[in-house]
Amino acid sequence: MQIETLLNAEIKKVVQSLFQADVNDNLIQLQKTRKEFEGDITLVTFPLLKVSKNSPEKTGEIIGEYLKEKVEEVSDFNVIKGFLNLSISDKYWSTFFNSIYTSEKYGFAANASGKTILLEYSSPNTNKPLHLGHIRNNLLGFSVAEILKANGHYVKKVNLVNDRGIHICKSMLAWKKMGNGETPQSSGIKGDHLVGKYYVEFDKMYKAEIKSLMEAGKSKEEAEKNAPAIIEAQEMLRKWEAGDKEVVDLWKTMNGWVYEGFDVTYKKLGVDFDKFYYESETYLLGKKAVEIGLQKNVFYKKEDGSVWCDLTADGLDQKLLLRSDGTSVYMTQDIGTAIQRSEDFPSTNQMIYTVGNEQEYHFKVLFLILSKLGYDWAKECYHLSYGMVELPEGKMKSREGTVVDADDLIDEMVKTAKTTSEELGKLDDCSEEEKEKLYQTIGMGALKYFILKVDPRKGMLFNPAESIDFNGNTGPFIQYTHARIQSLLRKADFFIDEVSLGDYVFDTSEKEIIKLIYDYPETVKQSCNEYSPSIIANYTYELVKAYNHFYQALPIFKEENEEVKKFRLQLSKKVATIIQQSLALLGIQAPGRM
RNA sequence: GGUCGCGUAGCUCAGCUGGAUAGAGCAACAGCCUUCUAAGCUGUGGGUCAAAGGUUCGAAUCCUUUCGCGAUCACCA
């Protein structure tokens, strides 16, 4: 039984018998005792003063006496102002530890929730390589999926690839004009980077044309509209939509290069998907929904033929759904895609969209329109919104070259892992293959932890000039602790079975760890409720810090009491398991040595 | 201008469903490898929690206002 639940019930009894009053749960405020005070759990007595009709100190004393007397688990107490600090007996903690020690899935939901969740993430454009912003999206999406699974949900990961549109035509056009048939094979450039190169080329060409048009006396707006490059790109898009063979073939070829490139990056990031959707296949969806909406009078048509949804009653604006020429917009597609998905996965209970916070308004509108159309599941849709990754000079912009490229960053992290490992020289007896794998594990561990330890909703800053740390609150620090424990366990060549500690009194560092282990299931739940890997990351860091303190303070193999020695090994092993599982929730591997 | 979000140590971040003296890491300084991995441990210095009001026994946390930063409000995606 959870100690808080037990105490809560007992305290109610005390209040009833001593003060003749019934109190509800919100008056019984239990919290963890702060480190600087003696005790494990603290009851805040201020809210109880009204019924106790006593001073805070006196109230604490009375309740404390009673609990110590009547409740076996409460071994002692002290009162400081309005805080009753309760010490929980070592027996309780050691019984607790024994009860979970062998449970492999401790912390994770024991049973399936029966809930199916569709989680969209990544969703790249096929006209440029992935950058740091995409890394955050991918790591966040993957990790949240793992966290949902740990909480018993069934998760389908989907990726909606933005593979069509004017921006794709820009790369295609530039390649056609200046590419001289260059391919990833002929140039040795990774496919997505090659296509990205031509996207930048297009922009240069376009800007130059605008400049000369403006010099010829055109306004900026006119120049932007009438530059030959953009007109050609638009023409190309029309041809693509008409199914022009030449354009479609080029589109297929260049997208193929991009996919090969993305595949490599996804593998390095360790992310995967259950299903891909392509916008080229979904962009016409949604028109049917518009018709239904018109019939239901959820939407209305203007004189020019454009279709709108009036959201002013909900505090939002008018939203366009079909242009006057009958073509659809982003919102129309998203409506269609959502409906399509609900049909593809009829058992879905919830859809989650991992998309940057710049699109908060878009999703608010999307979910609102879907529910106006009568889809019940719309209220279960959730925009997993995350903050932008900014550089010291501000937002990243692909066209201006102020981006941190995903592949470059990954390579750099792995290289740093290699350099550091070589300096430390602990892997000298490993095979080259093992070493390379470890560099990968450590480098990616550093990168992933760096991204995921930050609350996803918040923006974050990345300074490329300061490399990502490998010491302190970092992935490698946590991985290192895991490796260190594994080393211990390898040395313990005996089987650690039952331990009888007798009257052994825990060292504070041992108790600290047990209490953290006790918190683990709650942490896994909380990270799920808040869709926040950072909660797992911060928890793991706390656990690891407590473990390192213990490791430093107390001997393990040199401990003379055999039972205590075995207990410390058990404790170490459990910590290692939790580290490994927590890191897995973040998509990070826990190496056996490093 | 409307809406939403943010502002905590030199830097990067925790803490925010109200609780005790606001925490970590990095950077700086001082210690610890003849005990199990020093990618570690211990310690020192560093704060008007943007500002001002309010609610409360109690506010970094809730409310209001102001300032600053960002996003968004397209017949772009």
Side-chain angles (χ1 to χ4, degrees), chain A residues 26 29 31 33-37 42 44-47 49 56 80-83 85 125 162 164-167 279 283 302 304-308 315-331 333-334 356-362 364-365 385 387-388 390 392 394-395 417 420-421 423-424 426 442 445-446 450 453-455 457-463 466 468-481 483-492 534-535 537-538 541-542 544-545 547-559 568-569 572 593-594:
Chain A
N26 60 20
Q29 291 185 20
Q31 54 193 246
T33 304
R34 296 183 60 138
K35 272 197 184 132
E36 56 268 37
F37 302 101
T42 295
V44 185
T45 56
F46 290 112
L49 300 186
I80 296 166
K81 293 190 272 184
F83 300 93
N85 300 322
N125 289 337
N162 187 342
R164 56 143 241 128
I166 190 75
H167 50 293
E279 209 179 277
Y283 82 107
K302 283 192 183 172
D304 63 4
S306 57
V307 176
W308 297 74
L316 304 172
D317 298 314
Q318 312 268 335
K319 189 71 201 175
L320 176 83
L321 294 166
L322 279 187
R323 296 187 186 99
S324 48
D325 65 5
T327 55
S328 56
V329 292
Y330 181 43
M331 183 58 75
Q333 292 172 37
D334 264 9
N357 62 9
E358 57 198 356
Q359 293 198 35
E360 260 162 26
Y361 182 76
H362 172 78
K364 212 182 202 174
V365 171
S385 165
M388 297 290 106
E390 295 213 353
K395 210 182 157 184
T420 310
S421 297
E423 276 168 16
L424 292 168
K426 293 177 186 174
I442 298 164
F450 176 80
K453 77 172 174 187
V454 181
D455 184 338
R457 291 178 288 266
K458 290 193 179 174
M460 64 182 291
L461 193 112
F462 175 76
N463 187 349
E466 299 166 15
I468 294 174
D469 243 298
F470 280 57
N471 299 319
N473 187 358
T474 66
F477 168 61
I478 293 166
Q479 291 173 318
Y480 172 74
T481 305
R484 209 189 213 180
I485 297 174
Q486 292 308 321
S487 164
L488 273 181
L489 296 175
R490 277 192 296 271
K491 289 192 170 101
S534 72
I535 290 170
N538 286 309
Y541 176 61
E542 288 303 320
V544 163
K545 244 190 343 178
Y547 183 81
N548 279 322
H549 177 72
F550 154 81
Y551 181 90
Q552 167 75 24
L554 301 173
I556 296 174
F557 284 110
K558 298 257 160 139
E559 170 59 42
R568 288 183 184 158
L569 280 166
S572 301
R593 58 177 293 184
M594 65 185 275

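To find a chain, count down the sequence lines: A is the first, B the second, and so on, and within it residues start at 1.
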Using a 4.0 Å heavy-atom cut-off, does I442(A) contact any base of the nucleic acid, only the sugar-phosphate backbone, or nothing at all?
base
In whole angstrom, give the distance that lies between atom CG of N548(A) and atom C1' of rA24(B).
14 Å
Y547(A) and F550(A) aromatic centres sub-6.0 Å
yes
Determine the contact category for P392(A): base if any of its heavy atoms lies under 4.0 Å from a base atom, sugar-phosphate if only primed atoms, P, OP1 or OP2 are that close, otherwise nothing.
nothing
Hey, is F46(A) stacking on rG58(B)? Ring centres under 5.5 Å, planes under 30°.
no
What contact category does H549(A) fall into here, base, sugar-phosphate, or nothing, at under 4.0 angstrom with non-hydrogen atoms?
sugar-phosphate
Just call it for F557(A): base, sugar-phosphate, or nothing, with non-hydrogen atoms closer than 4.0 Å on any strand.
base
In whole angstrom, give the distance that lies between atom CZ of F83(A) and atom P of rG18(B).
14 Å
Indicate whether OP1 or OP2 belonging to rC76(B) is found under 4.0 Å from a side-chain N or O atom of R164(A).
no
Rounded to whole Å, CZ of F550(A) lies from C1' of rC41(B) at a distance of 14 Å
Contact class for L554(A) vs. all strands (heavy atom < 4.0 Å): base, sugar-phosphate, or nothing?
base
Think K81(A) has a side-chain N or O under 4.0 angstrom from the OP1 or OP2 of rC57(B)?
no
Reading nucleotides 8-17 of chain B 5' to 3', which nucleotides get B (base under 4.0 Å from a protein heavy atom), which S (sugar-phosphate only), which -?
----SSS-B-
When you check the phosphate oxygens OP1 and OP2 of rC75(B), does a side-chain N or O of S324(A) lie under 4.0 Å from one of them?
no
Between P of rA20(B) and CD1 of I80(A), the distance in whole Å:
12 Å
By the 4.0 Å heavy-atom rule, please label T42(A) as base, sugar-phosphate, or nothing.
base
Looking at R34(A), I'd like to know whether one of its side-chain N or O atoms comes within less than 4.0 Å of OP1 or OP2 on rG23(B).
yes
Could you tell me which residues satisfy salt bridge (charged side-chain N to carboxylate O under 4.0 Å, His left out) with R484(A), sequence neighbours excluded, listed by chain and number?
none
Scan R593(A) against the nucleic acid and name what it touches under 4.0 Å (heavy atoms): base, sugar-phosphate only, or nothing.
base
Rounded to the Å, how far apart are D317(A) CG and rC75(B) C1'?
15 Å
Any base atoms under 4.0 Å from Y330(A), or only sugar-phosphate, or nothing? Heavy atoms, all strands.
base
Donor/acceptor link under 3.5 angstrom from D469(A) side chain onto base of rA27(B):
no
